[in-house]
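Taking it in order: structure first as structure tokens, then the write-up.
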Amino acid sequence: MGKNNSGTRRIQPILWISTLYFAMGVPFVTINAVSGIMYKDMGVSDSQITFWTALVMFSWTLKPLWSPFLEIYKTKKFFVVATQFAIGILFALVALSLPMHDFFKYSIALFAVVAFCGATHDVVADGTYIGFLSNKEQAKYIGWQGAFYNLAKIISSGALVYVAGVLEKTKGVTHAWMIIMVIYALLFFALAIYHYLILPKEDKEVQKDEKTAGNVRAELLEVITSFFTKKKILWCILFIILYRFAEGFAIKIAPLFFKAPRTSGGLGLSTSDIGLIYGTYGSAAFILGSVLAGYFISARGLKKSLIWLCCAFNIPFVVYALLAYYQPIDLLPVGVAVVVEYFGYGFGFVGLMLYMMQQIAPGKHKTAHYAFATGIMNLGVMIPGMFSGMISDWIGYKMFFIWVLIATIPAFLVTLFVPFPYSENQKEEPIN
């Protein structure tokens, strides 16, 4: 059982795991994918979209630097609620920035602050998950955690993009996306209120010792040092960077490829078509893949499952290469391709998350070290994402998605040799 569970475990974990990880996924998906569709609609170039929307996500890499402070001051519940309210306010400000002449400059700056709040939210959300659940429970709920995290992808890049496409026909592009940003704002206000009422709260009596700025800095240094001196940590870092490396290229370009005109090598889909494909075809496949992966890992163990999860995650990117080559006119083959990719994404993603929880995070600073791991993982997605637009502009969509397939090869190689410093049957006892 988790350590911080006195009087709070009467609430079923799924009631807060579902909404907490949905709230975690929305800012990431919105900046990483949805904002690209919005900016494409508003006339911004692919290279500018991919570079800046990837760069502002750097907060998800830097979040370990302030994660120790979050373990010292207030509670994780406090920071969850505070960051969700802040994200709601920021989305409202993004809506107000869109009619401005320099909308891209102002909105991307606001998205950078959303990213900072979202990264901070990730730290405390993961800390809540790790702190209140045992290893067995973590494995039990990992599929649901991944499903609801990526349900944000379905809702944001599916349902809300579809609504934006419909609204564009009557309200115009700018006002359509203003409405979508307001919906995001209202959603986060509602989530903040819900989590204020339902989230478990740790006992801060165990942290009564006074902290000064000096010993906080010393603790941060100790957190960083202890992370990078973990057993076989360099192999672990290489694994979490390369596992999603190809995704970093594909996820930025796929929606832009769907929307680009056929004369430019794209599929020429409307905004509502893109939302319909992701929201209808992809949703059931993704959630099914995420949930099944949790049970698959629970039955076989993570070590035996990991290479299969890597295959499920990376091989489906071949569907984008096929779409770029054949450029189908009908939505059905595009929908089938998205089903294949989303099922594989959902199935393979949870393996990486569980590996970081159980093979990298264990130790004195579990929350901070898990934040380090997820931050480094994000770096592996951010860097290829920054340059994906330049590469696709240079070689075209057909060759770009061939390049994505080549970029999957390192993931398979590193997964075959990834170390398991901790036994799967023991909480935190290193293997000799």
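Keep in mind that this is a model prediction, so the values were computed, not measured.
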Got a second to check how far Leu256's CG is from Ile251's CD1, nearest 0.5 Å? 11.5 Å
Tell me, do Thr53 and Phe111 make a side-chain contact under 4.5 Å, heavy atoms counted? no
For the pair Lys230 (side chain) and Pro362 (backbone), establish whether a donor and an acceptor sit closer than 3.5 Å, ignoring hydrogens and angles. yes
Intermediate values then yes/no, side-chain contact (heavy atoms from CB on, under 4.5 Å), Met38 and Leu98: CA-CA 10 Å; Met38 179 182 75; Leu98 295 182; 4.0 Å; yes
Could you walk me through whether Leu323 and Phe258 pass the side-chain contact (heavy atoms from CB on, under 4.5 Å) test, one step at a time? CA-CA 9 Å; Leu323 290 176; Phe258 283 176; 4.0 Å; yes
Run through Val26, Leu187, Leu191 and flag the one making a side-chain contact (heavy atoms from CB on, under 4.5 Å) with Gln84. Leu191
Quick check: does any side chain N or O of Thr61 sit under 3.5 Å from a backbone N or O of Gly375, one acting as donor and the other as acceptor? yes
Assess the side chains of Ser392 and Lys252: does a donor N or O sit below 3.5 Å from an acceptor N or O? no
Between Phe400 and Phe257, is the gap from one ring center to the other below 6.0 Å? no
Min side-chain heavy-atom separation Trp177-Val34 under 4.5 Å: yes
Rounded to the nearest 0.5 angstrom, the CG-OG distance for Leu221 and Ser226 is 9.5 Å
side-chain hydrogen bond (donor to acceptor under 3.5 Å, both in side chains) against Lys40, all qualifying residues, sequence neighbours excluded: Asp46
Determine whether Ile237 and Ile233 satisfy the following criterion, side-chain contact (heavy atoms from CB on, under 4.5 Å), listing intermediate values before the conclusion. CA-CA 6 Å; Ile237 289 173; Ile233 190 61; 3.9 Å; yes
Does the pair Leu269 and Lys259 meet the rule for a side-chain contact (heavy atoms from CB on, under 4.5 Å), with working shown? CA-CA 5 Å; Leu269 302 182; Lys259 192 162 181 62; 5.9 Å; no
Which heavy atom in Pro333 sits nearest to a heavy atom in Pro328, and how many Å separate them? CG-CB, 3.6 Å
Within the structure provided, determine whether Ile89 and Phe189 are in side-chain contact (heavy-atom separation under 4.5 Å). yes
Lys77 NZ to Leu197 CG distance, which is reported to the nearest 0.5 Å: 7.5 Å
Phe313, Phe296, Tyr342 screened by ring pair (Phe, Tyr, Trp, His ring centres under 6.0 Å) with Phe347, the one that passes: Phe296
Quick one: are the ring centres of Tyr243 and Phe239 less than 6.0 Å apart? yes
Partner set under side-chain hydrogen bond (donor to acceptor under 3.5 Å, both in side chains) for Ser59, not counting sequence neighbours: none
State, with a plain yes or no, whether a side-chain heavy atom of Thr271 is found less than 4.5 Å away from one of Asp41. yes
Determine whether the aromatic ring centres of residues Phe249 and Phe317 are separated by less than 6.0 angstrom. no
Give, for atom CG of Leu90 and atom OG1 of Thr83, the distance between the pair rounded to the nearest 0.5 Å. 11.0 Å
For the residue pair Ile277 and Tyr162, establish whether any side-chain heavy-atom pair is separated by less than 4.5 Å. no
Taking the six-membered ring for Trp, are Tyr129 and Tyr21 ring centroids under 6.0 Å apart? yes
With distance as the sole criterion, is a donor-acceptor pair present between the side chains of Tyr39 and Gln48 under 3.5 Å? no
Aromatic ring proximity, centroids under 6.0 angstrom, Phe22 and Phe148: no
